[in-house]
Amino acid sequence: MDIRPGRLDVVTGNAHFGVVYQAIVFKPYKNEVLPTEVAVVTEQGFWCNAGPLEIFVSCEAIPKEFVFNPTDKEFFSKDEEKLIRKGSRCRVRILGMTVDADRIMTVGTMNGAYLGTDQ
């Protein structure tokens with residue numbers, strides 16, 4: 001970071017400093033594929049996180065081979081080789097976003113090529 005010499009605004013009394021810095025930013029885009037970690041699983045779908053971004057994947061956006069198990073709160077494939085539960089990692093495509101003043105609400109899907117669980 002580089003802070004340059006400041007100058008004083010004689011009218012307001014504010015000091016203005018030039019600052020040069022580097023920032024890491026994260027801006028998701030529609031149709032972007034992200035690696036995520038499942039945070040919450042419900043009968044309606046699951047919430048997953050990609051860094052600070054929360055993505056909701058509804059049960060309609062989960063492949064038909066997955067069935068919800070209400071006892072263990074997880075989705076499992078019919079061959080029982082793949083699981084979607086808290087802590088699982090999966091690849092999700094962003095379908096849509098709504099940007100509020102303090103957060104981004106995102107809806108995703110697991111239907112498509114190269115999407116789904118990492119198992």
Side-chain angles (χ1 to χ4, degrees):
M1 181 160 58
D2 180 29
I3 301 174
R4 299 194 175 131
R7 62 181 222 286
L8 187 62
D9 187 343
V10 294
V11 176
T12 63
N14 292 335
H16 299 272
F17 294 90
V19 179
V20 178
Y21 62 93
Q22 293 181 344
I24 297 174
V25 296
F26 176 64
K27 184 172 191 300
Y29 294 97
K30 187 176 177 184
N31 291 322
E32 182 176 7
V33 176
L34 296 173
T36 64
E37 183 173 335
V38 177
V40 178
V41 179
T42 65
E43 190 173 349
Q44 290 81 25
F46 65 89
W47 289 92
C48 55
N49 298 323
L53 183 67
E54 292 181 344
I55 304 169
F56 178 70
V57 180
S58 72
C59 58
E60 287 83 23
I62 298 172
K64 299 298 180 200
E65 68 183 75
F66 285 91
V67 179
F68 182 70
N69 178 354
T71 306
D72 297 328
K73 294 206 176 202
E74 64 185 14
F75 287 92
F76 62 93
S77 62
K78 292 178 182 173
D79 61 4
E80 297 185 5
E81 288 187 12
K82 298 178 182 177
L83 288 172
I84 300 172
R85 62 178 166 202
K86 185 176 180 177
S88 297
R89 297 186 185 276
C90 57
R91 287 180 301 280
V92 174
R93 180 182 310 277
I94 295 176
L95 291 178
M97 294 182 296
T98 302
V99 179
D100 286 342
D102 58 342
R103 69 182 212 164
I104 300 174
M105 292 179 284
T106 313
V107 177
T109 184
M110 279 182 37
N111 291 323
Y114 307 109
L115 302 177
T117 61
D118 286 346
Q119 297 173 344

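What you see is a predicted model; the values in this text were computed from it and never measured. For this chain, numbers begin at 1 and follow the sequence in order. Quick note: numbers below take in every heavy atom, side chains included, and nothing from hydrogens, waters or symmetry partners.
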**Message:** If the test is side-chain contact (heavy atoms from CB on, under 4.5 Å), which one of Val38, Ile62, Asn111 qualifies with Val57?
**Reply:**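 The single option meeting the side-chain contact (heavy atoms from CB on, under 4.5 Å) with Val57 is Ile62.
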Using atom types as modelled and distance alone, determine if a side-chain donor or acceptor of [X] lies under 3.5 Å from a backbone N or O of [Y].
{"X": "Thr36", "Y": "Ala50", "result": "no"}
{"X": "Arg91", "Y": "Val33", "result": "no"}
{"X": "Asp9", "Y": "Val11", "result": "yes"}
{"X": "Thr109", "Y": "Ala61", "result": "yes"}
{"X": "Arg93", "Y": "Asn31", "result": "yes"}

**Message:** Within a 6.0 Å radius of atom CD on Glu65, are there more than 12 heavy atoms belonging to other residues, nucleotides or ligands?
**Reply:**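 Yes - once you tally the heavy atoms of other residues, nucleotides and ligands closer than 6.0 Å, there are more than 12.
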**Item:** Whether over 12 other heavy atoms sit under 6.0 Å from Phe26 CZ
**Value:**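 Enclosed: over 12 neighbouring heavy atoms sit under 6.0 Å from CZ of Phe26.
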**Message:** Please find the pair of heavy atoms, one from Val92 and one from Met110, that lie closest to each other, and give the distance.
**Reply:**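 In terms of heavy atoms, the two residues are closest at CG2-CG, 4.2 Å.
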To the nearest 0.5 angstrom, please state how far the [atom1] atom of [X] sits from the [atom2] atom of [Y].
{"X": "Asp102", "Y": "Asp100", "atom1": "CG", "atom2": "CG", "value": "6.5 Å"}
{"X": "Trp47", "Y": "Lys86", "atom1": "CH2", "atom2": "NZ", "value": "15.0 Å"}
{"X": "Glu37", "Y": "Asp118", "atom1": "CD", "atom2": "CG", "value": "10.5 Å"}
{"X": "Leu95", "Y": "Glu32", "atom1": "CG", "atom2": "CD", "value": "12.5 Å"}
{"X": "Lys64", "Y": "Cys59", "atom1": "NZ", "atom2": "SG", "value": "7.5 Å"}
{"X": "Asn49", "Y": "Thr106", "atom1": "CG", "atom2": "OG1", "value": "10.5 Å"}

**Message:** Could you walk me through whether Cys90 and Phe46 satisfy the side-chain contact (heavy atoms from CB on, under 4.5 Å) test, starting with their C-alpha distance in whole Å, then the side-chain angles of each, then the deciding distance to 0.1 Å, before giving a yes or no?
**Reply:** CA-CA 11 Å; Cys90 57; Phe46 65 89; 4.1 Å; yes
When hydrophobic residues are tied together by side-chain contacts of less than 4.5 Å, even through go-betweens, does [X] share a cluster with [Y]?
{"X": "Phe76", "Y": "Leu115", "value": "no"}
{"X": "Ile84", "Y": "Phe68", "value": "yes"}
{"X": "Ile55", "Y": "Tyr29", "value": "no"}
{"X": "Phe17", "Y": "Leu8", "value": "no"}

**Prompt:** Is there side-chain contact between Arg4 and Val20, with heavy atoms separated by less than 4.5 Å?
**Reply:** yes
**Request:** Could you go through the side-chain contact (heavy atoms from CB on, under 4.5 Å) check for Leu53 and Ile94 one step at a time?
**Result:** CA-CA 11 Å; Leu53 183 67; Ile94 295 176; 4.2 Å; yes
